[in-house]
Amino acid sequence: MGKITIAIDGFSSTGKSTIAKQLAKALDYVYVDTGAMYRAVTLFAMRQGFIGGETEDLEGLGNALSGLDLKFVYNKSLGFSEMYLNGENVEKEIRTLPVSQQVSKIATIEKVRVKLVAMQQDMGKKKGVVMDGRDIGTVVFPDAEFKIFMTASPETRASRRYKELLDRGEKVAYEDVLKNVQTRDYIDSHREFSPLRKAEDAIEFDNSDMGLKEQLERIYNFALRKIEGH
Ligand code: DC
């Protein structure tokens, strides 16, 4: 059977990556977490002092991107790929709140987007990929055969993220997590270059009141129909 491209976009903490990962596994497709790429660039920018200090140099960051090597390396025991920044596994560090608080700003930089979108298009050129992010169905793969746009209320999403961070041992306040979710929603959907929006041909999927099993079942069945009709 021919393989298709599956694009999953939506607001932060809608559970895109959980669904995308499991869907990819069920279909034997490759999963690409594009948010991890923007997060790794953010960590790079923080470490190099382009952001997070007293002054910011977003233009300088744009010019320093040639010194940035991003790679996904498959971890067999986990069953998914992990993000490597200049040879170092940064999977844990890119998920912390300080990175989350800076990442939307970094994702507004045109040079960053151009570089990452080209990498993503290259990773998906053979199809058989489930990619999640904000602009996959609109910019990266506008011709993707199956597009999903995930939504849920900000409070539902903040509670999910809050639990995740606590489970990971981070000391955070729920209010800060909610604020971060709302701020990122705003920046992600109002930025100049490829803002977050639902592609016209995407299926909108609100999972505020839906368990993971039901979501996966529904989306998997949708995907099978798209693959069969392809
Ligand atoms: O999916 P995530 O929460 O890990 O993404 C982190 C940030 O990266 C998100 O706030 C916006 C940005 N992003 C983006 O602009 N475009 C993408 N395709 C993926 C993520």
Side-chain angles (χ1 to χ4, degrees), residues 5-21 24 31-46 51 58 61-62 65 70 72 80-83 85 90-124 129-142 144 147-152 154 156-158 160-162 164-165 168 170 172 176-199 202 207:
T5 303
I6 302 179
I8 305 187
D9 290 305
F11 293 102
S12 65
S13 307
T14 39
K16 297 185 297 295
S17 63
T18 309
I19 288 293
K21 243 183 228 168
Y31 164 59
V32 180
D33 172 2
T34 64
M37 300 167 76
Y38 288 92
R39 287 171 179 276
V41 176
T42 305
L43 183 61
F44 172 81
M46 289 164 78
I51 47 162
L58 300 186
L61 171 63
L65 291 176
L70 293 185
F72 282 111
F80 58 85
S81 296
E82 295 179 299
M83 187 81 239
L85 166 63
V90 291
E91 192 56 35
K92 277 214 182 84
E93 216 173 328
I94 59 172
R95 315 276 167 199
T96 57
L97 195 55
V99 172
S100 298
Q101 280 163 340
Q102 300 284 356
V103 62
S104 281
K105 191 189 297 166
I106 296 302
T108 63
I109 303 171
E110 190 182 14
K111 279 190 182 162
V112 170
R113 302 206 72 85
V114 168
K115 180 176 169 110
L116 298 193
V117 167
M119 286 175 71
Q120 291 153 11
Q121 288 171 333
D122 192 54
M123 285 188 258
V129 68
V130 181
M131 198 172 278
D132 78 2
R134 303 293 189 287
D135 58 344
I136 312 304
T138 51
V139 175
V140 182
F141 291 116
K147 299 179 186 176
I148 305 169
F149 190 81
M150 306 258 283
T151 62
T156 305
R157 293 186 280 126
R160 287 180 189 154
R161 194 62 150 206
Y162 177 61
E164 254 173 51
L165 290 169
R168 267 192 239 138
E170 270 201 66
V172 288
D176 290 339
V177 178
L178 177 63
K179 198 162 162 246
N180 177 244
V181 162
Q182 289 167 327
T183 309
R184 283 206 286 151
D185 283 358
Y186 184 85
I187 301 178
D188 292 349
S189 30
H190 289 81
R191 66 179 173 227
E192 185 182 354
F193 305 108
S194 36
L196 169 66
R197 62 175 179 83
K198 178 184 163 300
N207 65 12

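All values derive from a computational prediction rather than experimental measurement. Remember, it's 1-based here, ligands and their atoms both numbered in the order they're listed.
- Proximity to Ala107 (heavy-atom distance under 4.0 Å) selects the following atoms of ligand 1: 12 (C), 15 (O).
- Residue Ser104 approaches ligand 1 through these ligand atoms, each under 4.0 Å from one of its heavy atoms: 10 (O).
- Residue Arg191 touches ligand 1 through its side chain alone, judged by heavy-atom distances below 4.0 Å.
- Near Gly133, the atoms of ligand 1 lying under 4.0 angstrom from a non-hydrogen atom of the residue are 17 (C), 18 (N), 19 (C).
- Residue Asp135 has at least one heavy-atom neighbour below 4.0 Å for each of these atoms of ligand 1: 16 (N), 17 (C), 18 (N).
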List the steps and the verdict of salt bridge (charged side-chain N to carboxylate O under 4.0 Å, His left out) for Arg168 and Glu164. CA-CA 6 Å; Arg168 267 192 239 138; Glu164 254 173 51; 3.5 Å; yes

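- At a heavy-atom cutoff of 4.0 Å, ligand 1 is contacted by no atom of Gln120, backbone or side chain.
- Ligand 1 places these atoms under 4.0 Å from at least one heavy atom of Asp188: 9 (C), 10 (O), 11 (C).
- In this model, a donor atom of one side chain and an acceptor atom of the other lie less than 3.5 Å apart for Arg39 and Ser100.
- Looking only at protein heavy atoms, the nearest one to atom 6 (C) of ligand 1 is Arg184 NH1, 3.5 Å.
- Proximity of Glu192 to Thr108: side-chain heavy atoms (C-beta onward) are nowhere separated by under 4.5 Å.
- Between Arg95 and ligand 1, no N or O atom pair is found at a separation short of 3.5 Å.
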One pair to check against side-chain hydrogen bond (donor to acceptor under 3.5 Å, both in side chains): Tyr162 and Asp176. What are the steps and the verdict? CA-CA 9 Å; Tyr162 177 61; Asp176 290 339; over 6 Å; no

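- Counting heavy atoms closer than 4.0 Å to ligand 1, residue Arg134 contributes atoms from both its backbone and its side chain.
- The protein atom (non-hydrogen) at minimum distance from atom 16 (N) of ligand 1 is Arg113 NH2, 3.0 Å.
- Checking Arg113 against Ser194 by side-chain atom types alone, a donor-acceptor pair falls below 3.5 Å.
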Check the pair Ile6 / Ile8 against side chain to side chain contact (heavy atoms under 4.5 Å, CB included), numbers first and verdict last. CA-CA 7 Å; Ile6 302 179; Ile8 305 187; 4.2 Å; yes

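- Ile136 contributes atom CD1, which lies 12.5 Å from atom CD1 of Ile148 (distance to the nearest 0.5 angstrom).
- Between the side chains of Ser17 and Asp33, no donor-acceptor pair of N or O atoms lies under 3.5 Å.
- Nearest protein heavy-atom neighbour of atom 19 (C) of ligand 1: Thr34 OG1, 3.3 Å.
- Seen from the ring of Phe149, Lys198 does not count as a face-on cation partner, given the 6.0 Å and 45° thresholds.
- Neither the backbone nor the side chain of Met37 comes within contact range of ligand 1; no heavy atom lies under 4.0 Å.
- In terms of protein heavy-atom proximity, atom 4 (O) of ligand 1 is closest to Arg39 NE, 2.7 Å.
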